[in-house]
Protein chains: 2
Amino acid sequence: MKKVTMADVAKLANVSKSTVSQYLNKRYEYMSEETRKRIARAIEELGYQPNIIARSLKQKTTMTIGVIVFNILHMLTTQVLHAIEEACQERGFHVIVSNSDDDPEKERKYIEMLRAKQVDGLIIFPTGKNADVYQKMVEERFPLVFIDRMVPGVKADAILLDNQKAAALAVEYFAERGYKRIGVVAPPPVSHIIPRMERIEGFRQALAKKGLPIVDDYFITTEIPYIQNELARLFASGRLPEALFAINDLTLMEVLYFIKGNHIKIPDELAIISIDDVPFAHVYTPTLTTIAQPTFAMGKKAAERLFLQIAKKSEHQPQIFRFSPTFIERGSAKEKNVIRKREVT
Amino acid sequence: MKKVTMADVAKLANVSKSTVSQYLNKRYEYMSEETRKRIARAIEELGYQPNIIARSLKQKTTMTIGVIVFNILHMLTTQVLHAIEEACQERGFHVIVSNSDDDPEKERKYIEMLRAKQVDGLIIFPTGKNADVYQKMVEERFPLVFIDRMVPGVKADAILLDNQKAAALAVEYFAERGYKRIGVVAPPPVSHIIPRMERIEGFRQALAKKGLPIVDDYFITTEIPYIQNELARLFASGRLPEALFAINDLTLMEVLYFIKGNHIKIPDELAIISIDDVPFAHVYTPTLTTIAQPTFAMGKKAAERLFLQIAKKSEHQPQIFRFSPTFIERGSAKEKNVIRKREVT
DNA sequence: TTGTAAGCGTTATCAG
DNA sequence: CTGATAACGCTTACAA
């Protein structure tokens, strides 16, 4: 498959490459109707397709951005990706998606590769463990925005949920309905995963603020695969809380699985609120009360901030954006201690 | 932000660009220990990063493939994308993801753009409406594989579910358990969306084969937003079937929503089987009997076939791969007409 | 209004 | 073992 190049078109149309180039870049203002047509015909005839790689080399811009996610199967990821893709589409950008699998090594390698490929900017759901690499990028003024997680000390744009508020929303809702023994389910808090810390800490503080007991046993913070065990142990000992706050969709799934396996009734025996408005929340029985992240808005904002940086690399003031969660009241948490008839919610 | 190039490294190391190039491509066989070290040091010192764009221009290969999906929020898409990404990762390829939104125009534009960007191949979840464009690619021997849907007349690799079998699996399961009035829920059958046709037709044929009545009213084939209405109309008229086959995750959600709104009992009043093993199938009440697509295997296969084509463009025999669905028996369809105690499944 | 020629940062082909 | 030198396909001054 002989690639046809600009030179071929030029030859056929009897003009020079530069004229063809002008044509392609729609600068036909100073071009005779005549030549324009000849070029158009030549292009048509040869089935010419410009080679953007060559152009990129010259222009030093690829109209491509990279997105590195740490968990491509996470619901938040999918939705944010969707928003980013859409925003890019509008501006003629393309998106290279890479999955770091929450492995800092992989993440580092991807950043390097993507930059070698000359992407115009990077949106990262950071593992949090490559502060040096991130820092280098901001020093070089390479367009960068973090999303979902941020990295302390690295002065870059970050798009985050107001995690503390999300936790408070859950606790307050429970508290106002008479729940006292409230637990949280999360992966282990580790210092470089900020949202996790904020959600767990926010939960603790909200509890304190409401004057509710803080019981260590009710902090189920262990890796996803062990959550079942932990929950089972509590249950067996008869010390299960009355309400549970699941800090994301993955932990929610574990909680639901546990509940199902043990024939526990929601919300009567155990009330549930989770962050992330899972797609089946409204068809589940009972319907699930959740705290939604504005995923679409977040993705869009991330893209916008990136474009801003790309447009004027120099004086960009990095900023942290906290998005407010939305409380979606459904049926998995209700007034406590009220006898009601059995109903489908 | 002066980009440091190979020339800079060469100068600092006191060698020529070609030598540096050799070094970068790990051809140090014929290189003195001495120069190698000098180059390494120079690279280190300058923080040199190769520019892959330049290399691509020369080598005519970008180590990048494009994936065009028609619905980025569909569960199948997410999972297949994950598999593709992983396969690419292993071979050092990158993936540009684009969403055609099932709009042929957009799809066409994307194909063009991506090819202009010199991607080494394309994996497409086709809208089905751009036969001419697809055809041109196969004629040019441009690496291409279709997934999920295929395009009649276009001789390209296609990775598909055995849709007929999937439908038969559902019908047989229902039939063997005494269900007679079985319906299907799907978007409208249109000739260019093959899996839809195959699933609906497969359903019809399986019904015939089992000697079950084929009732027009039980073919609920309308756009997603109208499914509720359609279902409601049937329900109001008292002619709701005993069992429903949902042809994908999106239609399943509609069915579940309807059921929930009308307090219908699964499986006693209405049994359900769907294609796509939704993530909440095992925590739903009752648990959901589904027909899973081997999404991961399909994505992997798609990538493999594409790499095969990329490796030896010339003699590639296009092939259609039919993947067998897996029946996952859970609780949303049971023996019919048997009184059982109420149980949590 | 159009052509010439010099890059862009690599790789590849040959000499040396 | 190393170095010139010519591509790769396009853009962009600068001429004409």
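Below, read A as the first sequence line, B as the second, and so on, with proteins coming before strands; counting in each chain starts at 1. Worth saying up front: this structure is predicted, and the values here are computed from it rather than measured. What's counted below: heavy atoms across the whole structure, side chains too, no hydrogens, waters or symmetry copies.
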B:T62, B:T64, B:N51 screened by side chain to side chain contact (heavy atoms under 4.5 Å, CB included) with A:K117, the one that passes: B:T64
Below 4.0 Å: OP1/OP2 of D:dT2 and any side-chain N or O of B:T19: no
Criterion salt bridge (Lys or Arg N to Asp or Glu O under 4.0 Å) on B:R115 and B:E140, from CA distance to verdict: CA-CA 12 Å; B:R115 291 204 56 183; B:E140 292 176 1; 2.9 Å; yes
Nucleotide C:dG3, atom P - distance to NZ of A:K11 in whole Å: 15 Å
Lys/Arg N to Asp/Glu carboxylate O, A:D102 vs A:R149, below 4.0 Å: yes
Touch class at under 4.0 angstrom, heavy-atom based, for B:S18 against every strand present: base
Nearest-Å distance for atom pair CD/C1', residues B:E33 and D:dT2: 16 Å
Side chains of A:D157 and A:Q309, donor plus acceptor under 3.5 Å: yes
Touch class at under 4.0 angstrom, heavy-atom based, for B:N14 against every strand present: sugar-phosphate
N or O in side chain of B:S16 less than 4.0 angstrom from D:dG3 OP1/OP2: yes
Ring center gap for B:Y134 and B:F146 short of 6.0 angstrom: yes
Aromatic plane relationship, B:H94 with A:Y110 - under 30° parallel, 30 to 60° tilted, over 60° perpendicular: tilted
Spacing between A:M6 atom CE and C:dG7 atom P, to the nearest angstrom: 18 Å
Axial bend angle, the helix from C:dT1-D:dA16 to C:dG16-D:dC1: five-pair end segments, nearest 10°: 40°
Distance-only donor-acceptor test (3.5 Å): side chain A:K17, base C:dT4: no
Residues which pass side chain to side chain donor-acceptor pair (under 3.5 Å) with B:T61, listed by chain and number, not counting sequence neighbours: B:D120
Under 4.0 angstrom between B:S32 side-chain N/O and D:dC1 OP1 or OP2: no
Charged N-O contact under 4.0 Å between A:R108 and A:D132: yes
Rounded interatomic separation in angstrom, taking CD from A:Q22 and P from D:dT11: 9 Å
Separation of atom CD1 in B:I39 from atom P in C:dT10, rounded to whole Å: 13 Å
Criterion salt bridge (Lys or Arg N to Asp or Glu O under 4.0 Å) on A:R38 and A:E33, from CA distance to verdict: CA-CA 9 Å; A:R38 278 217 314 283; A:E33 183 67 20; over 6 Å; no
Spacing of A:L24 atom CG relative to D:dT12 atom P, expressed in whole Å: 12 Å
Contact residues, residues 45-61 of chain B to DNA chain D [heavy atom, < 4.0 Å]: B:L57, B:K58, B:K60
A:R38 CZ - C:dT1 P separation (whole Å): 14 Å
